[in-house]
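The model shown is predicted, which means the values in this text are computed figures rather than measured ones. Chain identifiers are assigned alphabetically (A, B, ...) following the order of the sequence lines, protein sequences preceding nucleic acid strands; residue numbering begins at 1 within each chain.
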2 protein chains.
Amino acid sequence: MMSVPLYEAKAELFRLLGHPVRIRVLELLQDGPRPVRQLLAAIEVEPTGLSQHLAVLRRSGLVTAQREGSTVVYALAGGRVAGLLRAARELLTEKLTGQNELLDELLQDSTGSGTS
Amino acid sequence: MMSVPLYEAKAELFRLLGHPVRIRVLELLQDGPRPVRQLLAAIEVEPTGLSQHLAVLRRSGLVTAQREGSTVVYALAGGRVAGLLRAARELLTEKLTGQNELLDELLQDSTGSGTS
DNA sequence: TACGTAATTGCGAACTTTCGCAATTACGAT
DNA sequence: ATCGTAATTGCGAAAGTTCGCAATTACGTA
């Protein structure tokens, strides 16, 4: 039953995360479960678009949905999602910091650690 | 200069990682720098396709390229990339384990921890 | 039952990504 | 200079993604 190589699964996971609206949803859900209405208010996207992105996240098992009366409440499925987002943030921070340092070097041209 | 919201950058980062060939490249580079030739031997992809994926990774700053004589050697740019891949692996492992447990429950129907 | 709001689904047009072929650049050896 | 191998780039066809409109489902209330 090894149907899907792990690297395919990993690529698919990343592909699923590769959309701004889906990232925002996951970030909002990090602070706890939220009804669709609330996500909608926070995210600047049409209801239909949000539904579609939520469907993607649901199908992939990254979030869970629960109907509560007339609204539907979404929540993160498992704590590891937050860890992944944190890792991404750290990488981006490192990258941006690095760029700024490089920029500073180029502009100021007075660093002790010279390139040989 | 706040041109790009952080969540857009995050989404783009994930989108870049969302391809099996690019994942495989990054995984191979985790064990140290590798010439294109070696990646090509390991990955089952046409040379031209690999080049294109390497170009994507290069442009995004996730890897660096260095010509050494007649070959080009690629390397991971910064340790944080490995951390991101680890986080992804952990999430997938959790997800697969969870699925198996659920499957076992459904098949065996004899668990102590009943759902209320 | 009929109405209003919440959320989802189906569908097609616009856009983006991917893939391989042909052409090109970069290097080392003859 | 010419040849062979390593790697990249340009380009167009095929495949995949995204977006909004219209239609639908699910629920609460009059």
Side-chain angles (χ1 to χ4, degrees), chain A residues 4-5 7-26 28-29 32-77, chain B residues 4-5 7-26 28-29 32-77:
Chain A
V4 178
Y7 61 85
E8 291 267 7
K10 240 183 251 181
E12 186 169 324
L13 171 59
F14 284 126
R15 200 161 40 71
L16 291 171
L17 295 171
H19 191 288
V21 170
R22 299 200 284 264
I23 291 291
R24 295 232 55 207
V25 167
L26 294 176
L28 289 166
L29 294 184
R34 295 276 180 277
V36 174
R37 184 172 23 79
Q38 214 168 118
L39 299 173
L40 200 45
I43 298 184
E44 186 137 331
V45 62
E46 305 286 316
T48 184
L50 181 56
S51 264
Q52 282 166 152
H53 289 297
L54 288 172
V56 170
L57 294 173
R58 234 187 304 121
R59 271 181 244 127
S60 69
L62 290 170
V63 306
T64 60
Q66 248 202 104
R67 189 164 264 280
E68 305 217 341
S70 73
T71 76
V72 176
V73 177
Y74 279 83
L76 285 195
Chain B
V4 178
Y7 61 84
E8 292 267 8
K10 241 185 249 180
E12 184 169 326
L13 171 59
F14 284 127
R15 200 162 40 72
L16 290 171
L17 295 171
H19 191 289
V21 169
R22 298 199 284 264
I23 292 292
R24 294 234 52 210
V25 167
L26 295 176
L28 289 166
L29 293 184
R34 295 274 181 276
V36 174
R37 184 172 23 81
Q38 212 166 121
L39 300 172
L40 199 47
I43 300 183
E44 188 137 330
V45 62
E46 305 285 316
T48 184
L50 181 56
S51 264
Q52 282 166 150
H53 289 297
L54 288 172
V56 170
L57 294 173
R58 234 187 304 123
R59 271 181 243 127
S60 70
L62 290 170
V63 305
T64 60
Q66 249 203 100
R67 189 163 264 281
E68 306 217 338
S70 73
T71 76
V72 176
V73 176
Y74 279 83
L76 285 195

[X] [atom1] - [N] [atom2] separation (whole Å):
| X | N | atom1 | atom2 | answer |
| --- | --- | --- | --- | --- |
| B/Phe14 | D/dT17 | CZ | P | 18 Å |
| B/Leu50 | C/dG20 | CG | P | 12 Å |
| B/Arg34 | D/dA7 | CZ | P | 14 Å |
| B/Glu44 | C/dC19 | CD | C1' | 15 Å |
| A/His53 | C/dA7 | NE2 | P | 16 Å |
| B/His19 | D/dT17 | NE2 | P | 11 Å |
| A/Leu40 | D/dC19 | CG | P | 14 Å |
| A/Arg37 | D/dC27 | CZ | P | 16 Å |

Strictly below 4.0 Å: does B/Arg22 bring a side-chain N or O up to OP1 or OP2 of C/dT18?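 For C/dT18, OP1 or OP2 has a side-chain N or O of B/Arg22 closer than 4.0 Å.
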
If you compare every side-chain N and O of B/Tyr74 against the phosphate oxygens of D/dA6 (OP1, OP2), does one of them come in below 4.0 Å? no

Closest-nucleotide mapping onto DNA chain C: is A/Arg15 or A/Gln52 further toward the 5' terminus? I mean the 5' end. A/Gln52

What verdict does the side chain to side chain contact (heavy atoms under 4.5 Å, CB included) test give for B/Val36 and B/Thr71, after you've listed the backbone C-alpha separation in whole Å, the side-chain angles of each residue and the deciding distance to 0.1 Å? CA-CA 7 Å; B/Val36 174; B/Thr71 76; over 6 Å; no

Check against side chain to side chain contact (heavy atoms under 4.5 Å, CB included), B/Leu13 and B/Leu62: CA-CA 9 Å; B/Leu13 171 59; B/Leu62 290 170; 4.1 Å; yes

So, does B/Arg59 use its side chain to make a donor-acceptor pair with the main chain of B/Gly61 at under 3.5 Å?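 No, B/Arg59 side chain to B/Gly61 backbone: no donor-acceptor pair under 3.5 Å.
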
Between B/Arg22 (side chain) and B/Leu57 (backbone), is there a donor-acceptor pair under 3.5 Å?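 No; zero donor-acceptor contacts below 3.5 Å.
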
Pair listing, ring-ring contact (aromatic ring centres under 6.0 Å, His included) test, anchored in residues 38-61 of chain B, at least two apart: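 Listed by first then second residue: B/His19-B/His53.
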
Can you work out whether A/Val21 or B/Ala55 has the more 5'-proximal nearest nucleotide on DNA chain D? B/Ala55

Want to settle it: does A/Glu68 or B/Thr71 sit nearer the 5' end of DNA chain D, counting the closest nucleotide to each? B/Thr71

What about B/Thr48, does its side chain sit under 3.5 Å from the base of C/dC19 through a donor-acceptor pair?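 Flag unset: no donor-acceptor pair detected.
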
What nucleic acid atoms does B/Leu54 come within less than 4.0 Å of, heavy atoms only: base, sugar-phosphate, or nothing?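 Sugar-phosphate contact only - B/Leu54 comes under 4.0 Å of backbone atoms but never of a base.
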
Across the strands shown, which category fits A/Ser51 at heavy-atom distances under 4.0 angstrom: base, sugar-phosphate, nothing? base

Looking at every non-hydrogen atom in both residues, tell me the closest pair between B/Glu8 and A/Pro20 and how far apart they are.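 Closest approach of B/Glu8 to A/Pro20, heavy atoms only: OE1-CG, 3.5 Å.
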
Which heavy atom in A/Leu39 sits nearest to a heavy atom in A/Leu54, and how many Å separate them?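 For A/Leu39 versus A/Leu54, the nearest heavy atoms are CD1-CD2, 4.2 Å.
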
Please write out the pairs of protein N or O atoms and N or O atoms of nucleotides 25-30 of chain C separated by less than 3.5 Å, giving the distance to one decimal.
none

